Amino acid sequence: MTDIGTTVLGYPRIGPDRELKRSLERYWAGKADEAALLETGRALRTRTWRQLKDAGLDSVPSNTFSHYDQVLDTAELFGALPGRFTKLGLSPLDTYFAAARGVQDATAMEMTKWFDTNYHYIVPELGPDTRFSLTGTKPLDEYREARAIGVETRPVLVGPVTFLLLAKASEGAPEGFRPLDLLDDLLDGYVELLRRLHDEGVEWVQFDEPAFAADRTEPELNALIRAYHRLAKETARPKILVAGYFGGLGRGLGVLARSPIDALAVDLVTDESFVDAVAAEPALRDKEVLAGVVDGRNVWRTDPTRALSRAATLLGTAKSVSVSTSCSLLHVPYDVERETELHPRLKGWLAFAKQKVDEVVLLGRALKEEGVDLTAARAAITDRATAADLADAGVRARLEALRPEDTVRSPYARRAAAQQAALDLPPLPSTTIGSFPQTTDVRKARAAHKAGSLDDAGYEAAMKGEIERVIRLQEDLGLDVLVHGEPERNDMVQYFAERLAGFAATDFGWVQSYGSRCVRPPILYGDVSRPEPMTVAWARYAQSLTAKPVKGMLTGPVTILAWSFVRDDQPLGETARQVALAIRDEVHDLQEAGLRVIQVDEPALRELLPLHAAAHEAYFAWAVSSFRLATSGIDDATQIHTHMCYSEFGEVVKAIDALDADVTSIEAARSKMEVVTDLGAAGFGRGVGPGVYDIHSPRVPDVDEVSGLLRTAVGAVPAERIWVNPDCGLKTRGYAEVEPALRNLVAAALAVRAELG
């Protein structure tokens with residue numbers, strides 16, 4: 001039996017220059033045909049497979065490419081797309097995209113975060129009438145494609161239990177139905193796929209089961225037992241690798257170790273204590289173990305001494321031990337060598353996907369051979385550890401001087417009265433989340449200014465012109481609280497990181513967030529401070545143009561951390577406090593500039609929630625405290641908003657309440673207002689804006705649809721506390737969609753307002 005050997009669990013797929021993003025958006029806009037899109041994907045896959053083989057990996061993964069999302073791919077593979085899409089009469093590819101993005105006659109499937117990452121997956125909708133069958137061929141097709149260019153690969157699949165645990169019951173499913181009830185039927189499809197892969201000559205197949213890095217019930221563990229005994233007992237199958245990542249597997253480790261699978265990949269980065277649990281598991285003696293000692297989610301170079309110590313601890317426990325990444329490299333950029341503008345010293349501390357592959361190969365050799373030269377790797381680790389200029393004594397002194405009252409505001413009832421007197425807003429006030437569509441002219445002006453071909457005065461004039469246009473549009477639409485539209489911002493985290501000390505930005509560090517949406521997470525490497533105001537001038541100008549209140553728009557400390565690559569040499573909570581102090585300074589300056597509504601977005605509050613409940617309390621303590629530090633010390637009449645999107649909010653309702661924001665806007669359109677039930681049940685007592693317009697879909701909701709969602713919200717939360725807003729910012733949409741959607745939103749707010757009397 002051939003071992004897998006050194007490998008990675010997955011690789012980025014959007015393209016080093018976002019080739020897939022551009023091809024997707026051309027296709028969706030009708031500017032390119034299906035053949036062109038498919039060719040882009042083929043070229044990206046070919047490049048990846050050849051690079052991974054040439055780098056010296058013993059095993060190369062395939063089926064890690066996706067035109068949108070791997071969970072959606074799995075639903076399509078087994079014929080489980082909802083009927084509202086399959087009945088549209090579209091091509092298979094357009095049916096797939098309709099499920100992800102929606103069309104005018106069919107709302108998109110729900111989207112939420114992939115565990116505790118900033119990647120979003122499409123949530124399968126399953127009911128008791130769902131019948132799985134192997135209707136697709138994607139894993140086979142990609143295996144054949146790789147073999148045709150001389151690369152033998154290991155197809156990667158979302159594991160059956162994780163797939164069902166990530167699904168939701170379809171609308172109309174009977175009470176008590178769980179998607180996991182469909183396991184046996186789904187396993188039939190997986191068995192058929194294994195047989196076909198075996199017949200094709202596939203030696204290894206990888207099943208990803210990250211759901212077991214979270215707390216799991218006895219029935220869920222029993223499902224894992226049933227699944228892998230069923231799959232592994234098949235004789236006509238490839239050898240089976242199960243990958244568990246994003247943390248320790250808890251009792252799932254023993255379940256998988258005692259199952260008849262052939263190999264197990266474990267994450268030895270996220271939870272250091274898990275190393276000892278794996279080393280103590282006797283049932284691994286007949287299996288290959290892939291030691292995930294290279295971090296697949298952060299960009300710091302791997303400490304070879306620590307990594308080899310962790311991997312070597314498993315020697316003697318398993319049949320064989322090989323080196324791998326802790327998870328897929330989907331979550332990091334492609335290649336740090338392209339970053340010519342990064343400080344050379346900082347660059348020497350970093351490893352993106354390409355460098356992480358090299359680390360895996362080097363450590364794999366070092367685990368099995370004597371005399372492998374690790375000098376350069378160790379020198380980089382030492383250089384970073386001894387860099388004295390990463391600490392800022394002034395920042396640390398300010399934090400030491402803080403008092404408990406610095407994170408407390410007046411009681412909400414007193415604030416609410418002061419805010420209503422100052423703002424004089426109607427019932428069901430309407431607003432947007434912050435950004436407006438960024439036109440070609442705006443992007444060109446920003447790029448020209450960065451390149452030096454547009455001077456400061458010209459840039460300021462261009463941005464002010466766009467701000468005025470957006471203000472006038474909102475006044476025409478009839479919105480109650482306006483925004484300046486954020487034309488000057490490239491990204492809600494990167495914009496601030498470029499203006500805060502302790503951060504570095506990249507030029508090519510793109511990471512996929514969902515579909516064609518990519519972000520460039522900044523690198524937080526040292527102590528954080530705010531050298532000067534970051535948003536005040538633009539916000540002050542916007543407010544000068546209108547008598548209506550304008551919201552100042554900021555990103556909160558938890559989200560800045562979640563959507564950055566953060567230093568790992570101090571506790572995350574300590575870094576959050578530093579960021580919070582910088583945001584606090586900006587909040588106070590916005591108030592001084594005349595802004596009476598300030599939104600501090602925390603869409604990542606749920607995202608960073610630890611997967612194990614035992615760690616929740618400690619996380620909530622520093623996450624809530626950092627937000628309150630950022631938003632306290634201001635007048636009662638200044639209204640603080642926050643925003644959250646695409647997460648399971650029921651798990652963090654108490655934390656949302658503890659933030660003590662005056663108004664919380666939350667994604668709710670795709671989930672049909674599910675969140676308002678959670679808020680009502682929790683006794684949430686402040687303002688809430690459950691989103692009524694899904695901005696991640698190109699469809700325009702009509703007045704009746706938005707009115708219906710609002711009536712649902714009013715039925716769960718008192719009307720005097722309801723706000724009317726989209727799910728998220730409008731940056732990624734076009735004005736042809738946004739203007740009619742916002743007109744319908746305002747019309748719906750007026751209609752339901754009239755019904756209230």
Side-chain angles (χ1 to χ4, degrees), residues 10-15 18-45 48 61-82 84-86 88 90-103 106-115 117-126 135-139 141-142 155-158 162-163 166-168 208 328-331 510-519 645-646 667 670 694-699 727-728 732-733:
Y11 205 71
R13 61 199 184 205
I14 203 72
R18 296 178 294 161
E19 294 93 332
L20 182 59
K21 168 190 173 64
R22 294 187 173 92
S23 188
L24 282 167
E25 292 174 355
R26 285 195 299 270
Y27 179 75
W28 293 335
K31 297 178 180 178
D33 61 14
E34 181 175 317
L37 175 59
L38 296 180
E39 175 56 26
T40 299
R42 186 203 62 77
L44 288 171
R45 293 190 296 271
T48 294
S62 62
N63 199 44
T64 58
F65 175 83
S66 176
H67 280 113
Y68 205 98
D69 165 55
Q70 69 270 16
V71 181
L72 179 62
D73 292 347
T74 307
E76 181 187 45
L77 179 66
F78 292 109
L81 296 182
R84 66 180 182 278
F85 305 112
T86 58
L88 291 171
L90 302 174
S91 70
L93 185 62
D94 286 342
T95 301
Y96 172 90
F97 286 137
R101 306 173 70 237
V103 293
T107 56
M109 295 169 70
E110 189 175 334
M111 181 166 65
T112 194
K113 297 295 178 73
W114 176 248
F115 299 95
T117 77
N118 188 33
Y119 176 77
H120 304 63
Y121 76 94
I122 301 297
V123 181
E125 299 173 16
L126 307 176
T135 58
T137 59
K138 182 176 179 291
D141 294 341
E142 292 194 15
V156 177
L157 304 165
V158 176
T162 287
F163 176 78
L166 294 178
K168 61 180 289 187
D208 286 356
S328 171
L329 295 174
L330 173 70
H331 310 287
W510 296 104
V511 176
Q512 185 181 22
S513 179
Y514 64 88
S516 67
R517 174 69 171 153
C518 302
V519 294
C645 57
Y646 293 106
E667 175 276 323
R670 285 200 184 189
D694 175 16
I695 67 88
H696 296 83
S697 171
R699 65 186 298 274
D727 274 341
C728 202
T732 60
R733 297 262 63 88

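Just so it is clear, the model here is predicted, and its values are computed rather than measured.
Under the side chain to side chain contact (heavy atoms under 4.5 Å, CB included) rule, Thr40 has a single partner from Lys21, Glu19, Arg22, which is Glu19.
Considering all non-hydrogen atoms of both residues, His67 and Leu38 come closest at CE1-CD2, 3.7 Å. Taking every heavy atom of both residues into account, Ala32 and Tyr27 meet most closely at O-CD1, 3.4 Å. The heavy-atom pair separating Ala108 from Gly102 by the smallest distance is CB-N, 3.3 Å. Between Gly79 and Thr135, the shortest heavy-atom distance links the atoms N-OG1, 3.3 Å. Ile695 and Cys728 get closest at one heavy-atom pair: CG1-CB, 3.7 Å.
Under the side chain to side chain donor-acceptor pair (under 3.5 Å) criterion, Ser328 pairs with no residue at all, not counting sequence neighbours. For the ring pair (Phe, Tyr, Trp, His ring centres under 6.0 Å) test, no residue two or more places apart in sequence or in another chain qualifies with Tyr96. The side-chain contact (heavy atoms from CB on, under 4.5 Å) test applied to Val156 returns Pro61, Thr64, Gln206, Asp208, not counting sequence neighbours. Listed by chain and residue number, Asp491 satisfy the salt bridge (charged side-chain N to carboxylate O under 4.0 Å, His left out) test with Arg517 (two or more places apart in sequence, or in another chain). Applying the side-chain contact (heavy atoms from CB on, under 4.5 Å) test to Trp114 and every residue at least two apart in sequence or in another chain returns Gln70, Val71, Thr117, Tyr119, Tyr121, Leu166, Pro210, Tyr245, Phe246, His331. With sequence neighbours excluded, the residues forming a side-chain contact (heavy atoms from CB on, under 4.5 Å) with Pro82 are Arg84, Phe85, Met109, Glu125, listed by chain and number. For Ser516, the side chain to side chain donor-acceptor pair (under 3.5 Å) partners are Glu25, not counting sequence neighbours. Considering only residues two or more places apart in sequence or on other chains, Thr732 meets the side chain to side chain donor-acceptor pair (under 3.5 Å) condition with none of them. The salt bridge (charged side-chain N to carboxylate O under 4.0 Å, His left out) search around Arg45 returns Glu145, not counting sequence neighbours. Applying the salt bridge (charged side-chain N to carboxylate O under 4.0 Å, His left out) test to Arg733 and every residue at least two apart in sequence or in another chain returns Glu737. Qualifying salt bridge (charged side-chain N to carboxylate O under 4.0 Å, His left out) partners for Asp33, counting only residues two or more places apart in sequence or in other chains: none. In this structure, the side chain to side chain donor-acceptor pair (under 3.5 Å) partners of Glu142, at least two apart in sequence or on a different chain, are Lys138.
The closest side-chain heavy-atom distance from Thr107 to Asp694 is not below 4.5 Å. When side chains are defined from C-beta on, Phe65 does not count as touching Asp73, because their heavy atoms never get closer than 4.5 Å. Gln512 has its side chain within reach of Leu330: a pair of non-hydrogen atoms, C-beta onward, lies under 4.5 Å apart. For the pair Leu93 and Leu37, the minimum side-chain heavy-atom distance is below 4.5 Å. Residues Thr74 and Leu157 fail the side-chain proximity criterion, which asks for heavy atoms closer than 4.5 Å. Side chains of Tyr514 and His696 form a contact here, defined as non-hydrogen atoms less than 4.5 Å apart. Put simply, the side chain of Asn118 reaches to within 4.5 Å of the side chain of Lys113, judged on heavy atoms. With a 4.5 Å cut-off on side-chain heavy atoms, Phe97 and Leu24 count as touching.
Separation of atoms OG (Ser697) and CE (Met111) is listed at 10.0 Å; rounding is to 0.5 Å.
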